[in-house]
K.L.:
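This structure is in structure tokens; I'll ask about it shortly.
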Amino acid sequence: MSQNNFPVNPVVTVTSSANSSYSASEPKADSPGMLAGTETNGTQYEMPVKPASAYISVSIICLMVAFGGFIFGWDTGTISGFVNQTDFISRFGQINSHGESYLSKVRIGLIVSIFCIGCAIGGLVFSKLGDTIGRKMALVTVTVVYIVGILISITSMHAWYQYFIGRIISGMGVGGIAVYSPLLISEVSPKHLRGTLVSCFQLMITLGIFIGYCTNYGTKTHTTSLQWRLPLGLGFAWALLMIVAMFMVPESPRYLIEKGRMEEAKHSIARSNKVSVEDPAVEAELDLLRVGVEAERAAGEASWGELFSTKGKVLQRVIMGIMVQSLQQLTGANYFFYYGTSIFKSIGLEDSFQTSIIIGAVNFGSTFVGIYFVERFGRRKCLLWGAAAMCCCFVVYASIGVTKLFPNGTENEASKTAGNTMIVFTCFFIFCFATTWAPIPFVIVSETFPLRIKAKGIAISVAANWFWNFLLGFFTPFITGAINFYYGYVFMGCLVFAWFYVFFCIPETKGLSLEEVNEMWLEGVLPWKSDKWVPATRRDATFNSEDFNTDDKPFYKRML
């Protein structure tokens, strides 16, 4: 990318109202009350770190933005129950030779998974919207698209393809939400809280799944279309709440600077960091962001083709974004979320809806732990430990399912002890997923790409997530029908690959500003050394950047 023509770490000198010069750079920490330190002579300013209680309002703002995740989670939680409800099956199913209604594997796969194709399309189609009308209005627009899709689905009477079309359109809306919710949060949140607050998007997904499970359980006793129309109709309420929330949150300061709205950008920065607009650190942050925006603007408008350029390590970042989002799906989590009700029914549970609620509760509660982990231990460690732990869970789950669940053959009653053990390890798996691989891929893609290609980079990364989501959602009924619980060994292999990919390819970005993350990529830092890397503005005389750099080294040395 042509942004290499600009200094990686611009030091912006401006004049404060007191006519004293200060820099927007980030010096080495000298004071515990500052993110990167403040020189005692008062010439350099950095955003102060305040007690956690001071950021309650900022956290609430980001939760409002993250509520888009609830909409996605709501669909995941409800659709798993719809395909097992009597009225839904009688309306949209087929008739077998005995005159009974049923949903074929093809129809189930299409109804469940086509939503993800809509999400992938929406993420790509709406990727430019945020640069044109702003992040907030982009979120409003895609939420309206979601409402249109819900309206089409809920008015379906007996034509399953009408419901199918509605899911594609509502999926397009959710695809746009999945791009702009993490993007907006990453751009308005203080950098020391960015990982935690972006993880709130995943928290809202888990809350939506859990509430969706509970709603299905509450409506399953109905014999009319209330079984599925009530949960589906509640989607209107969540969408309207999302739209109202967007008028209460600040716009991205980076977008505002790009449009030349400097005063609004200053207010956005001040509001997010809980300081006054007159604080010199606000002006310093504004100038630092402005230099980055001007550099991106000088490079020209980004095209889709630029995502495949090796200049500025753009292609490498795109590949990493695609891989980490794809691997999130290949962990196998949605195997339980989409088909949990059907799975537990197959192992002999009397009320599989109750088990789904338990899984949803574990998923939601564990995400709070994940929000703590992401900033406490960093991105890499969490992903590595998560992949290893989930791999162990699938080994046990699949092995018991294959050898112990049906001791007298699949035609006979399942072993209760084996079934309960599988449920326990399912919960262990969900805990490991929710604390690591569920939130962190969204954090990584939200902070990896330069501003000029950020929306497109996130869009194509999340599109990969939706693509694999579709494949797993559609083909899982066929695969489980053919190999049953051996399917778990497939996910185990994917998790082994995920561990090695994270170790060799994903750098640590904990505690870095978005501009510093870009600097690290441009320097070609080895991922397994990235947790010790220091930005140029904080280095002392003992720091040797060559110890971290992959450039001009043969491949075999890069891997040592």
K.L.:
Going through the distances and angles, do M204 and L207 end up as a side-chain contact (heavy atoms from CB on, under 4.5 Å)?
P.N.:
CA-CA 5 Å; M204 286 296 166; L207 178 61; 4.1 Å; yes
K.L.:
Do you know the tightest heavy-atom contact between F485 and A398?
P.N.:
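Nearest pair, atom of F485 first, then A398: O-CB, 3.4 Å.
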K.L.:
Just checking, is any N or O donor in the side chain of Q227 or D87 under 3.5 Å from an acceptor N or O on the other one?
P.N.:
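No.
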K.L.:
W74: which residues meet the ring pair (Phe, Tyr, Trp, His ring centres under 6.0 Å) condition with it, sequence neighbours left out?
P.N.:
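W74 satisfies ring pair (Phe, Tyr, Trp, His ring centres under 6.0 Å) with W238 only.
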K.L.:
If I compare all heavy atoms of Y102 with all of I95, which pair ends up nearest, and what's the gap?
P.N.:
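Taking every non-hydrogen atom into account, CE2-C, 3.8 Å.
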K.L.:
If you take all heavy atoms of P250 and L184, which pair is closest and at what distance?
P.N.:
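Heavy atoms of P250 and L184 come nearest at O-CD1, 4.1 Å.
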K.L.:
Could you check whether F394 and F429 have their ring centres less than 6.0 Å apart?
P.N.:
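Yes, close enough.
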K.L.:
Here's a test for you: under side chain to side chain contact (heavy atoms under 4.5 Å, CB included), which of I169, V125, V174 qualifies with V145?
P.N.:
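Option passing the side chain to side chain contact (heavy atoms under 4.5 Å, CB included) with V145: I169.
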K.L.:
Measure the shortest side-chain to side-chain distance between Q202 and I440 over non-hydrogen atoms and say whether it is less than 4.5 angstrom.
P.N.:
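No, their side chains stay 4.5 Å or more apart.
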K.L.:
So, are R167 and D75 salt-bridged, with charged N and O less than 4.0 Å apart?
P.N.:
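Looking at D75 together with R167, the answer is yes, because their closest N to O distance falls below 4.0 Å.
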K.L.:
Are any side-chain N or O atoms of Y180 and backbone N or O atoms of S127, one a donor and one an acceptor, separated by less than 3.5 Å?
P.N.:
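Pair found, side chain donor or acceptor close to backbone of S127.
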K.L.:
If you count heavy atoms of other groups shown closer than 6.0 angstrom to NE2 of H267, is the number above 12?
P.N.:
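Count not over threshold, so no.
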K.L.:
Between S268 and L256, is a side-chain contact (heavy atoms from CB on, under 4.5 Å) present by the stated rule, with each step listed?
P.N.:
CA-CA 9 Å; S268 179; L256 294 171; 4.2 Å; yes
K.L.:
Do V65 and F201 come close enough that some side-chain heavy atom pair is under 4.5 Å?
P.N.:
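Not touching, per the 4.5 Å side-chain cut-off.
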K.L.:
Within the 4.5 Å heavy-atom criterion, are R91 and S225 side-chain neighbours or not?
P.N.:
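Yes, close enough: below the 4.5 Å cut-off.
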K.L.:
Under 4.5 Å between any side-chain heavy atoms of T219 and L226, yes or no?
P.N.:
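They are not in side-chain contact.
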K.L.:
Indicate the ring-plane relationship of F92 and Y163, choosing parallel, tilted or perpendicular according to the 30° and 60° boundaries.
P.N.:
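Plane angle between 30° and 60°, so tilted.
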K.L.:
Does the ring center of F425 lie less than 6.0 Å from the ring center of F428?
P.N.:
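Yes, the ring of F425 comes within the 6.0 Å limit of the ring of F428, centre to centre.
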K.L.:
Any non-hydrogen side-chain atom of R271 less than 4.5 Å from a side-chain atom of I61?
P.N.:
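Yes, close enough: below the 4.5 Å cut-off.
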K.L.:
Check step by step if side-chain hydrogen bond (donor to acceptor under 3.5 Å, both in side chains) holds for Q162 and S153.
P.N.:
CA-CA 6 Å; Q162 181 182 342; S153 292; over 6 Å; no
K.L.:
On the 0 to 90° scale, with breaks at 30° and 60°, tag the F474-F478 ring pair as parallel, tilted or perpendicular.
P.N.:
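Rings of F474 and F478: tilted, 30 to 60°.
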K.L.:
Specify the closest pair of heavy atoms between M242 and T143, including all atoms of both residues, with the distance to one decimal.
P.N.:
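Shortest heavy-atom separation between M242 and T143 comes out as CG-OG1, 3.7 Å.
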K.L.:
For R107, is there any backbone N or O sitting under 3.5 Å from a side-chain donor or acceptor partner on S104?
P.N.:
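Yes, because the side chain of S104 sits within donor-acceptor range (under 3.5 Å) of the backbone of R107.
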K.L.:
Any non-hydrogen side-chain atom of F368 less than 4.5 Å from a side-chain atom of L203?
P.N.:
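The answer is yes; the side chains approach within 4.5 Å.
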K.L.:
Atom CD1 in I165, atom CD1 in I114: separation rounded to 0.5 Å?
P.N.:
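It comes to 10.5 Å.
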K.L.:
Going by side chain to side chain donor-acceptor pair (under 3.5 Å), name the pairs with one or both residues in residues 432-450, residues two or more places apart or in two chains.
P.N.:
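Every side chain to side chain donor-acceptor pair (under 3.5 Å) pair that includes a residue of residues 432-450, provided the two are not neighbours, is R194-E447, R379-E447, E447-T509.
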K.L.:
Starting from the C-alpha separation in whole Å, work towards a yes-or-no answer on side-chain contact (heavy atoms from CB on, under 4.5 Å) for N484 and V402.
P.N.:
CA-CA 8 Å; N484 208 349; V402 169; over 6 Å; no
K.L.:
Work out which heavy atom in P231 is nearest to a heavy atom in T215; give both atom names and the distance.
P.N.:
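So the two residues come closest at CG-CG2, 3.7 Å.
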K.L.:
Decide yes or no for F467 and L471: does some side-chain heavy atom of the first lie under 4.5 Å from some side-chain heavy atom of the second?
P.N.:
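They are in side-chain contact.
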K.L.:
Surrounding OH of Y486 (heavy atoms of other residues, nucleotides or ligands, distance under 6.0 Å), is the total greater than 12?
P.N.:
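It does not: Y486 OH has 12 such atoms or fewer within range.
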K.L.:
With ring-ring contact (aromatic ring centres under 6.0 Å, His included) as the test, would you mind laying out the steps for F70 and F67 before giving the verdict?
P.N.:
CA-CA 5 Å; F70 182 95; F67 191 76; 4.9 Å; yes
K.L.:
For Q328, is there any backbone N or O sitting under 3.5 Å from a side-chain donor or acceptor partner on N465?
P.N.:
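Judged by distance alone, no pair lies under 3.5 Å.
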K.L.:
Assess the side chains of S399 and Y489: does a donor N or O sit below 3.5 Å from an acceptor N or O?
P.N.:
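Yes - a donor-acceptor pair under 3.5 Å links their side chains.
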K.L.:
According to ring pair (Phe, Tyr, Trp, His ring centres under 6.0 Å), does anything in residues 141-160 pair up with another residue at least two apart or in another chain? List the pairs.
P.N.:
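Sorted pair list: W160-F164.
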K.L.:
According to the salt bridge (charged side-chain N to carboxylate O under 4.0 Å, His left out) rule, which pairs have a member within residues 134-153, sequence neighbours left out?
P.N.:
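Qualifying pairs: D131-R135, R135-E187.
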K.L.:
For residues P450 and R317, report the shortest heavy-atom separation together with the two atoms involved.
P.N.:
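Taking P450 first and R317 second, the nearest heavy atoms are CD-NH1, 3.3 Å.
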K.L.:
Please tabulate, for side-chain N and O atoms in residues 380-390, each donor-acceptor pair with protein atoms closer than 3.5 Å (sequence neighbours left out).
P.N.:
residue : atom : partner : partner atom : Å
R380    : NE   : P527    : O            : 3.4
R380    : NH1  : V502    : O            : 2.9
R380    : NH1  : F503    : O            : 3.0
R380    : NH1  : I506    : O            : 2.8
R380    : NH2  : F503    : O            : 3.4

K.L.:
Can you run down the salt bridge (charged side-chain N to carboxylate O under 4.0 Å, His left out) pairs that involve residues 244-254, sequence neighbours left out, and say none if there aren't any?
P.N.:
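Of all non-adjacent pairs touching residues 244-254, those that pass salt bridge (charged side-chain N to carboxylate O under 4.0 Å, His left out) are R254-E515.
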K.L.:
Can any side-chain N or O of N216 pair as donor or acceptor with the backbone N or O of T78 at less than 3.5 Å?
P.N.:
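Flag set: sc N216 to bb T78 pair under 3.5 Å.
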K.L.:
Verify whether the ring centers belonging to Y487 and F491 lie closer than 6.0 Å.
P.N.:
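Centroid separation for Y487 and F491: below 6.0 Å.
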K.L.:
With a 4.5 Å cut-off on side-chain heavy atoms, are L129 and I133 touching?
P.N.:
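SC-SC contact between I133 and L129 confirmed.
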